[in-house]
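Everything below concerns the one structure shown next.
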Amino acid sequence: DERYMIQLNSQLRKNRRILKNLCPEGKSTVRRQILIDLGYDFNFFTNLYQSTKGATYYLCYDYGFTPIWDNGKEKVLIIQCQDYMMGKFNPWNSAKQ
């Protein structure tokens, strides 16, 4: 349905805008609740990136986040994506042969 696609793209753009505004220096850490208060929807992202250290980044175009715990508080580490992070997800890497 066309309406669904419009809503989906609208939420993706909103998520990106929120991440970009909270990450002016290319990397920042904020409380999870701040994203929620601004209308961020964690169900919508464009790609995944698995770091070599095991963290999963949920990308929304050229910005992304990974959930972290800081002194028992839910936070997110927001990053501006680097070239090496884009297009690396391959679902067949984990598929059983």
Side-chain angles (χ1 to χ4, degrees):
D1 178 79
E2 202 61 33
R3 222 177 11 232
Y4 173 75
M5 293 301 299
I6 292 169
Q7 291 172 335
L8 174 79
N9 287 325
S10 177
Q11 186 61 53
L12 286 170
R13 285 192 312 270
K14 181 176 185 177
N15 281 358
R16 181 198 178 271
R17 187 172 48 253
I18 291 168
L19 292 176
K20 181 181 179 186
N21 289 339
L22 292 173
C23 186
E25 302 293 321
K27 184 177 181 182
S28 67
T29 302
V30 298
R31 288 180 291 118
R32 177 180 178 248
Q33 190 61 46
I34 290 173
L35 273 73
I36 293 169
D37 292 346
L38 292 171
Y40 194 93
D41 190 328
F42 291 94
N43 294 303
F44 295 94
F45 52 92
T46 57
N47 202 358
L48 294 171
Y49 172 74
Q50 188 76 35
S51 78
T52 56
K53 296 179 181 177
T56 300
Y57 286 85
Y58 298 86
L59 308 179
C60 195
Y61 302 108
D62 56 337
Y63 285 86
F65 76 91
T66 190
I68 60 173
W69 287 95
D70 184 17
N71 294 323
K73 295 181 177 149
E74 293 179 332
K75 294 190 175 183
V76 294
L77 172 62
I78 302 171
I79 51 93
Q80 185 172 9
C81 297
Q82 304 298 310
D83 288 341
Y84 68 87
M85 301 173 85
M86 305 303 280
K88 296 289 185 181
F89 180 69
N90 183 347
W92 283 267
N93 286 344
S94 61
K96 305 278 189 244
Q97 289 190 8

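This one's a predicted model, so the numbers in the text were calculated from it and none came from an experiment.
- Cluster annotation: Phe44 is not connected to Ile18 through the hydrophobic network of ILVMFWY side chains, with a link wherever side-chain heavy atoms come within less than 4.5 Å.
- Heavy atoms only, all atoms of each residue included: Gly64 and Cys81 are closest at N-SG, 4.3 Å.
- For the atom pair Leu8 CG and Arg13 CZ, the distance stands at 9.5 Å (nearest 0.5 Å).
- Here Tyr61 pairs with nothing under the ring pair (Phe, Tyr, Trp, His ring centres under 6.0 Å) rule; sequence neighbours left out.
- Under the side-chain hydrogen bond (donor to acceptor under 3.5 Å, both in side chains) criterion, Asp70 pairs with Lys75, sequence neighbours left out.
- In this structure, the ring pair (Phe, Tyr, Trp, His ring centres under 6.0 Å) partners of Phe65, at least two apart in sequence or on a different chain, are Tyr40, Phe42, Tyr58.
- Residues satisfying the salt bridge (Lys or Arg N to Asp or Glu O under 4.0 Å) test with Arg32, not counting sequence neighbours, are Glu74.
- With sequence neighbours left out, the side-chain contact (heavy atoms from CB on, under 4.5 Å) criterion links Cys23 to Ser28, Tyr63, Ile78.
- By the neighbour-count criterion of 12 heavy atoms within 6.0 Å, atom CG of Asp1 is densely surrounded, having more than that number from other residues, nucleotides or ligands.
- For residues 35-64, the pairs satisfying salt bridge (Lys or Arg N to Asp or Glu O under 4.0 Å) are Arg16-Asp62, with sequence neighbours left out.
- Other residues sharing a hydrophobic cluster with Ile6 under the 4.5 Å side-chain heavy-atom criterion for ILVMFWY residues do not exist; the residue is a singleton.
- Remark: Thr56 engages Gln50 in a side-chain hydrogen bond (donor to acceptor under 3.5 Å, both in side chains) (not counting sequence neighbours).
- Summarising the geometry, atom CG belonging to Asn15 is positioned 8.0 Å from atom CG belonging to Leu35; distances are rounded to the nearest 0.5 Å.
- Rounded to the nearest 0.5 Å, atoms CG (Leu77) and OG1 (Thr29) are 4.5 Å apart.
- Interatomic distance, Leu12 CG to Cys60 SG, rounded to the nearest 0.5 Å: 5.0 Å.
- In this structure Glu25 satisfies the side-chain contact (heavy atoms from CB on, under 4.5 Å) test with no other residue, sequence neighbours excluded.
- Nearest heavy atom pair, residue Ile79 against residue Lys27, reads CG2-CG, 4.1 Å.
- In terms of hydrophobic clustering, with Ile, Leu, Val, Met, Phe, Trp and Tyr side chains grouped at heavy-atom distances under 4.5 Å, Leu22 and Phe45 are assigned to a common cluster.
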